[in-house]
Amino acid sequence: MATVLRTEPIDAGDAGFLRGDPITGDRYYSKDFARREWDRMWTKVWHVAGREAQIPEPGDWMTHHFGRESIVVIRQTDGSVRAFYNTCQHRGNRLVWAEDGHGQLTCSYHGWVYAADGVLSKAQDPDDFEDGSPCGRVSLRQVKCASWGGFVWYTMDPEAGSLDEFLDPIPDLLERRDLHDMVRVVWRTISVDANWKFASDNFNESYHLPTVHPELATTTDEDYKNTVFESYPSGHNRMIEQGQPSMRAPKPNEVEAPFGDMLREWDLDPAEFAGRARDGRLALQRQRRALGPQRGFSHYARYADDELTDFFHHTLFPNVTLTATAEGTHFFRTEPDPHDPEKCTFDYWFMAPRVEGQDEVMTIVGPRPLKEAPHEFVEYGSGAVIEDMMDSFLIQDLSVAVGQQAGFHSRGYRDAILSGQESRVRRFHEVLNDYLEGRR
Ligand code: FES
Ligand SMILES: [Fe+2]
């Protein structure tokens, strides 16, 4: 069941393909650097505006406020989507502020009204304009927009290549996951006092797992020797960790919770794996393969064996990580604060497959109904308590992000000293430099 890739990875887990660009602290706090990121990178790449499921009907719209820009995406009568700058053509007022809505877009300043196709349909005193009524002649400024994986994407660059080209080879790698059909059961935005790049760095390595997430050792083998690391010419990366106890776990050969619970859930007796816990991974694959369909997990039939147990992290340049697991796909994204490079927002979405007969799904914030979630906003800043997340790996990652942000300011820090498996961290910065220096 091997995937045929359009593009092969460019590294085999060593750093030989890198230039060695330094990862200096100012990249994380300099306003000038952030401005260059905006001018040369953010305004060139493709962005996720939201989920298709947010705008199912013609006339439905949703906004994505990004930096100082805002984009409005509207479902057309033929089912396609179009995206526009969310700014009134009359005198520049931001047109709509809500996250989503339905019907014509009305400007709150002088009441100009725009139809779903972006064309002005109504204006006050149309006869008072020198060239005649602006209605039918004036239109919102459109941006390129396309869909993949149930996400609506757009780019502010009129010269940008296709979304397909931009994403390559991620759609191939995630082909069997049916992301377009998944339900976003957690939709949360967290404010963090750190530069947005911490997440791109962090999700590109498994080196921090034993120290930052020691509790994952019973289920996640973070050892670089057992982990797949890949970089692609497009700037995206992939890392695959095996779903089995790490040899660094306190008792690596014994089945500990929650690995034991997982086995039990699939009718396997943890006692049978005493002294050989890591065999549980293959047994779990066989069991999910055998029992999945009758338990409503019809999608398991399409998954490769490893996809039934392992963690497939895809870091999409610059700011999206999609971690595909047998339970569902995690979407992580950081976006820069429009004014302060030392702040960002962190989006966490969990997208669950539809399972026949199941109306609830387990997530890192507890059980959630298997239906589209409302958007929650949470303050973390530099360490506020988020009740339902305190035990999750996410808060652990956020807390080190804040500590690292402090360290970046020190004259004692010059450049990162990276292990082999952290090649993708430098790779990320080199791709960013390619944008900033006009090579992409
Ligand atoms: S600025 Fe929108 S109607 Fe005047
Ligand atoms: Fe982490």
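Both counts, for ligands and for their atoms, begin at 1 and track the order of listing.
Between F312 and H314, the angle of the ring planes stays under 30°, which puts this pair in the parallel group of the 30/60° scheme.
Within H110, the N, O or S atom at minimum distance from atom 4 (Fe) of ligand 1 carries the name ND1. Here the N, O or S atom of H90 that is nearest to atom 4 (Fe) of ligand 1 is ND1. For D397, the N, O or S atom closest to the Fe ion (ligand 2) goes by the atom name OD1.
The pair R51-E372 does not meet the salt-bridge criterion, since no charged nitrogen lies less than 4.0 angstrom from a carboxylate oxygen.
For atom 4 (Fe) of ligand 1, the N/O/S atoms of C107 include none lying under 2.8 Å.
Scanning all heavy atoms of the two residues, the minimum distance from Q89 to V138 falls at CB-CG1, 3.6 Å. What you find for P245 and F259 is that their closest heavy atoms are CD-CE2, 3.7 Å.
In this structure, of Q89, R91, Q124, R94, the residue bringing a heavy atom nearest to atom 1 (S) of ligand 1 is R91.
Per-residue contacts place W112 under 4.0 angstrom from the following atoms of ligand 1 (heavy atoms of the residue considered): 3 (S). Near C88, meaning under 4.0 Å from one of its heavy atoms, ligand 1 places the atoms 1 (S), 2 (Fe), 3 (S). Listed by number with element, the atoms of ligand 1 under 4.0 Å from a non-hydrogen atom of Y109 are 1 (S), 4 (Fe). Applying the 4.0 Å criterion to heavy atoms of N93 picks out, from ligand 1, the atoms 1 (S). Close approach to G111 involves these atoms of ligand 1, each under 4.0 Å from a residue heavy atom: 3 (S).
The 12-atom threshold is exceeded at CZ of F33, counting heavy atoms of other residues, nucleotides or ligands nearer than 6.0 Å. Heavy atoms from other residues, nucleotides or ligands lying under 6.0 Å from CZ of R19 number more than 12.
Between W266 and F297, a ring centre-to-centre spacing shorter than 6.0 Å is recorded. Ring centers of Y29 and F408: at least 6.0 Å apart, outside the cut-off.
At the Fe ion (ligand 2), the angle from NE2 in H213 to NE2 in H208 is 100° when rounded to 10°.
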